[in-house]
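By convention in this document, chain letters (A, B, ...) are assigned in the order of the sequence lines, proteins followed by strands, and residues within each chain are numbered from 1.
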Protein chains: 2
Amino acid sequence: MKVRQLTFRLLQVYADVVRTGSITATANRLHLTQPTVSQQLKRLREIVGEPIVRQEDSRVVPTEVGQALYQLSQDLLSRADVFSQYLDEYNRGGRGHFSIGLVNTAQYVLPRLLGPFSQANPQVDVTVEIGNRQQMLNRFERHEDDLYVFSHPPADDAVMAAPFLSNPLVVVGPENSRWANVNDLTMEALKEERFLLREPGSATRHTFDAWLYSAGIELRSTQQIASNEAIRLAVASGMGLAVLSRHVVADSPKGVQELPLQGFPLKSRWHFVVRRERRLPPAAYRFLSFVQGSLAQAFDEPEGELAVAELLQALKTER
Amino acid sequence: MKVRQLTFRLLQVYADVVRTGSITATANRLHLTQPTVSQQLKRLREIVGEPIVRQEDSRVVPTEVGQALYQLSQDLLSRADVFSQYLDEYNRGGRGHFSIGLVNTAQYVLPRLLGPFSQANPQVDVTVEIGNRQQMLNRFERHEDDLYVFSHPPADDAVMAAPFLSNPLVVVGPENSRWANVNDLTMEALKEERFLLREPGSATRHTFDAWLYSAGIELRSTQQIASNEAIRLAVASGMGLAVLSRHVVADSPKGVQELPLQGFPLKSRWHFVVRRERRLPPAAYRFLSFVQGSLAQAFDEPEGELAVAELLQALKTER
DNA sequence: TTACACCATAGATAATCATCTATGACTATA
DNA sequence: TATAGTCATAGATGATTATCTATGGTGTAA
């Protein structure tokens with residue numbers, strides 16, 4: 001058999017001829033003329049190298065080889081069809097895979113979106129990458145993920161970003177901290193305290209540093225710890241104060257409390273970030289749609305909804 | 001996906017690209033130029049309606065959809081390949097089906113050929129049709145079988161026939177028949193006996209009738225029984241004499257014996273008969289080859305071998 | 001026997017395909 | 001920063017394909 005010349009079209013036509021038992025009938029059903037179908041059959045026979053049908057009592061019936069070929073056709077066509085359905089489902093976003101890169105702090109809130117999404121879309125695989133801001137920037141540069149969450153989107157013409165959730169940075173101290181009930185507490189008052197800070201690549205650290213710089217304050221004593229969780233525990237055990245996302249604290253507030261420092265919380269917002277030129281996997285698109293629809297209930301953050309809607313719109317026209 | 005435009009050739013090329021991870025490499029392996037392969041990929045992408053590969057570090061890697069397409073390709077190609085192998089096997093005659101129509105008496109000897117053949121070719125299905133000469137002639141006229149065994153091939157230009165085994169017709173009587181030891185026994189002496197005969201459509205009957213006619217003898221008393229076996233039993237129980245194929249008697253000689261009648265046994269031979277215009281299924285061809293090779297051992301009938309060899313030769317050039 | 005239904009073949013044509021060579025863009029490596 | 005390797009695109013061309021209309025053969029049914 002000359003496999004290379006075999007076409008699915010030929011198999012379709014052939015299968016229909018076997019089903020109807022008539023060349024004319026197939027021609028009508030497929031909106032072709034009778035000679036066209038005759039010739040397709042002839043070509044298929046040449047490809048197979050063997051007679052595949054014969055005339056029998058005004059019916060066209062497959063030969064023994066034709067029978068086997070018919071079964072093959074059915075098989076192949078239905079497999080192609082399954083693939084076609086998979087494609088549709090993939091394009092609808094109900095199936096497939098995407099990866100999302102999260103800056104550390106975002107890991108405290110994203111599960112509240114990803115969880116329900118995965119439940120609603122069990123056929124979608126999501127890979128979640130987590131790292132500090134710098135690590136995520138590197139991944140972003142290397143195009144490693146489909147979607148990112150940053151508090152400060154990278155400055156790049158090629159990015160599209162939509163804020164979706166506020167990320168207030170607060171100062172926390174140990175439970176029953178002596179600063180807890182001070183009125184008009186200022187950073188000036190705290191500058192002698194030891195501050196437990198994330199590593200320089202971190203967004204929280206960066207934001208705080210920028211704020212300190214603009215306020216003209218220099219801290220006396222700092223210690224670097226590369227994990228929000230470790231910082232929280234260290235604060236709870238009295239090692240010092242820290243600046244953390246309020247979401248980190250809200251998630252497991254044991255042993256720490258927010259201090260009512262003036263100028264705090266520092267405002268920042270998480271953004272969904274995608275590359276303009278990257279074709280977003282449909283599943284990721286679907287995730288964003290899902291997020292847009294559930295932001296209101298999940299976080300009571302209606303402005304975010306709008307921004308995400310705009311992002312979706314932009315992505316849609318992009319296609 | 002535009003299934004109708006899908007070609008196995010495209011899948012072959014695509015699968016190779018995925019395997020090698022290089023368009024150039026595939027081009028070399030398939031004896032094409034690089035742009036050709038590039039364009040095949042492009043066309044496949046258009047058929048699928050979705051990017052299927054992307055460049056990654058000087059390698060071509062499939063996208064998510066491409067992965068699925070690759071698996072599909074493998075699957076479809078290997079199925080086509082299995083079919084191709086089936087075809088080869090079919091053409092070699094080692095697989096498939098054929099039907100053979102036997103005249104009644106031949107059923108006593110054909111198993112000795114069909115049995116070993118089936119053992120040697122377990123994938124070949126044989127349908128054996130049995131009937132008297134007239135019934136077989138009808139089947140022959142209607143092209144119902146691939147191969148026939150007649151003692152007298154139908155007079156038809158379109159037939160090819162090869163004798164392969166002698167079929168002596170003998171007169172039998174009951175065991176200890178008073179005729180058994182008579183010297184120079186002639187039919188004249190037996191004309192008062194009751195003869196048990198097959199029905200007029202039967203070949204044995206026909207041959208015997210013709211012989212009687214040419215000898216100018218008319219039987220006094222006959223009885224018609226439509227089965228060799230029943231005739232044999234009737235003879236054994238003393239109902240009369242009969243003319244039967246010696247093979248029938250040899251097969252189960254209980255209660256009957258051959259009578260030494262002058263002019264007997266009547267000579268006749270079985271022939272394999274095929275229609276000239278009919279494309280013989282390869283399995284049937286293989287059966288004939290097999291027969292040719294085993295006639296000598298099975299029956300000690302070397303002339304038959306030659307005739308069958310000629311038939312095979314004729315069939316071969318026919319193709 | 002005639003009429004009809006069904007199929008095959010011939011001949012024509014526009015579209016598509018498979019393929020090539022030439023060239024340009026991009027990327028990693030010497 | 002050359003250089004080589006890898007792809008993509010453009011343009012050309014002969015082959016193949018899909019499709020039609022017209023016509024003729026064959027078998028079935030009225």
Side-chain angles (χ1 to χ4, degrees), chain A residues 1-49 51-63 66 141-144 158 277-279, chain B residues 2-49 51-63 66 141-144 158 277 279:
Chain A
M1 184 172 63
K2 297 169 187 162
V3 179
R4 60 164 63 189
Q5 295 183 44
L6 196 54
T7 303
F8 279 78
R9 178 57 166 173
L10 285 180
L11 296 181
Q12 285 178 334
V13 172
Y14 175 65
D16 198 82
V17 169
V18 173
R19 264 183 243 116
T20 61
S22 154
I23 290 180
T24 307
T26 290
N28 292 332
R29 287 160 54 99
L30 303 187
H31 306 296
L32 299 171
T33 60
Q34 169 263 312
T36 299
V37 176
S38 280
Q39 209 179 325
Q40 303 277 51
L41 277 187
K42 188 176 178 183
R43 203 154 69 81
L44 185 55
R45 175 178 66 216
E46 278 158 9
I47 288 170
V48 172
I52 52 180
V53 292
R54 65 166 180 282
Q55 199 73 18
E56 194 170 88
D57 303 334
S58 79
R59 268 185 72 81
V60 176
V61 297
T63 61
E141 285 311 319
R142 281 187 244 110
H143 297 57
E144 297 197 54
E277 80 276 20
R278 187 183 190 97
R279 240 181 70 94
Chain B
K2 297 169 186 163
V3 179
R4 61 166 61 190
Q5 295 182 42
L6 196 53
T7 302
F8 278 77
R9 178 56 167 173
L10 285 179
L11 296 181
Q12 284 177 335
V13 172
Y14 175 65
D16 198 82
V17 169
V18 173
R19 263 182 244 117
T20 61
S22 152
I23 290 180
T24 307
T26 290
N28 292 332
R29 288 158 54 99
L30 304 186
H31 306 296
L32 298 170
T33 59
Q34 169 263 313
T36 300
V37 176
S38 280
Q39 208 179 326
Q40 302 276 53
L41 277 187
K42 187 177 178 182
R43 203 152 70 79
L44 185 56
R45 176 178 65 217
E46 279 157 10
I47 289 170
V48 172
I52 53 180
V53 292
R54 66 167 180 281
Q55 199 74 18
E56 195 169 89
D57 302 335
S58 79
R59 267 185 73 82
V60 175
V61 297
T63 61
E141 285 310 320
R142 283 188 243 110
H143 298 57
E144 297 197 56
E277 80 276 20
R279 238 181 71 93

Problem set entry | Under 4.0 angstrom between A/S38 side-chain N/O and C/dC7 OP1 or OP2 | no
Exercise. How long is the line joining CD of A/Q55 and P of C/dA5, in whole Å?
Worked result: 16 Å
Problem set entry | Separation of atom CD in A/Q12 from atom P in D/dT19, rounded to whole Å | 11 Å
Exercise. How close or far is atom P of C/dT9 from atom CG of A/L41, stated in whole angstroms?
Worked result: 11 Å
For this session: With rounding to the nearest 0.5 Å, note down the distance linking CG in B/D16 to CG in B/N28.
Result: 10.5 Å
Problem set entry | Nucleic acid footprint by protein, nucleotides 17-30 of chain C - heavy-atom cut-off 4.0 Å, B for base, S for sugar-phosphate alone | SSBBBB--------
For this session: Answer whether the closest heavy-atom distance between the side chains of B/Q39 and B/R43 falls below 4.5 Å.
Result: no
Exercise. What is the distance from atom CD of B/E46 to atom CD1 of B/I52, rounded to the nearest 0.5 Å?
Worked result: 10.0 Å
Exercise. Is any side-chain heavy atom of B/L44 closer than 4.5 Å to a side-chain heavy atom of B/L6?
Worked result: yes
Problem set entry | Protein-nucleotide distance (A/R54, atom CZ; D/dT26, atom P), rounded to Å | 19 Å
Seminar exercise, completed: Atom CD of A/E56 and atom P of C/dC6 are separated, to the nearest Å, by 17 Å
For this session: Quickly work out the A/L44 CG to D/dA18 C1' distance and round it to whole Å.
Result: 15 Å
For this session: Nearest 0.5 Å please: distance from the OG1 atom of B/T7 over to the CD atom of A/Q5.
Result: 10.5 Å
Exercise. Which value, rounded to the nearest 0.5 Å, describes the distance between B/L30 atom CG and B/Q40 atom CD?
Worked result: 9.5 Å
For this session: Classify the nucleic acid contact of B/V60 as base, sugar-phosphate or nothing, counting any heavy atom under 4.0 Å across all strands shown.
Result: sugar-phosphate
For this session: Measure the distance from CZ on A/R59 to C1' on C/dA5 and round it to the nearest whole Å.
Result: 15 Å
Problem set entry | Phosphate-side-chain proximity, A/T24 and C/dA5, N/O vs OP1/OP2 below 4.0 Å | no
Problem set entry | Length of the CG-C1' vector between B/L6 and D/dA18, whole Å | 17 Å
Exercise. When you look at CZ of A/R19, are more than 12 heavy atoms from neighbouring residues, nucleotides or ligands closer to it than 6.0 Å?
Worked result: yes
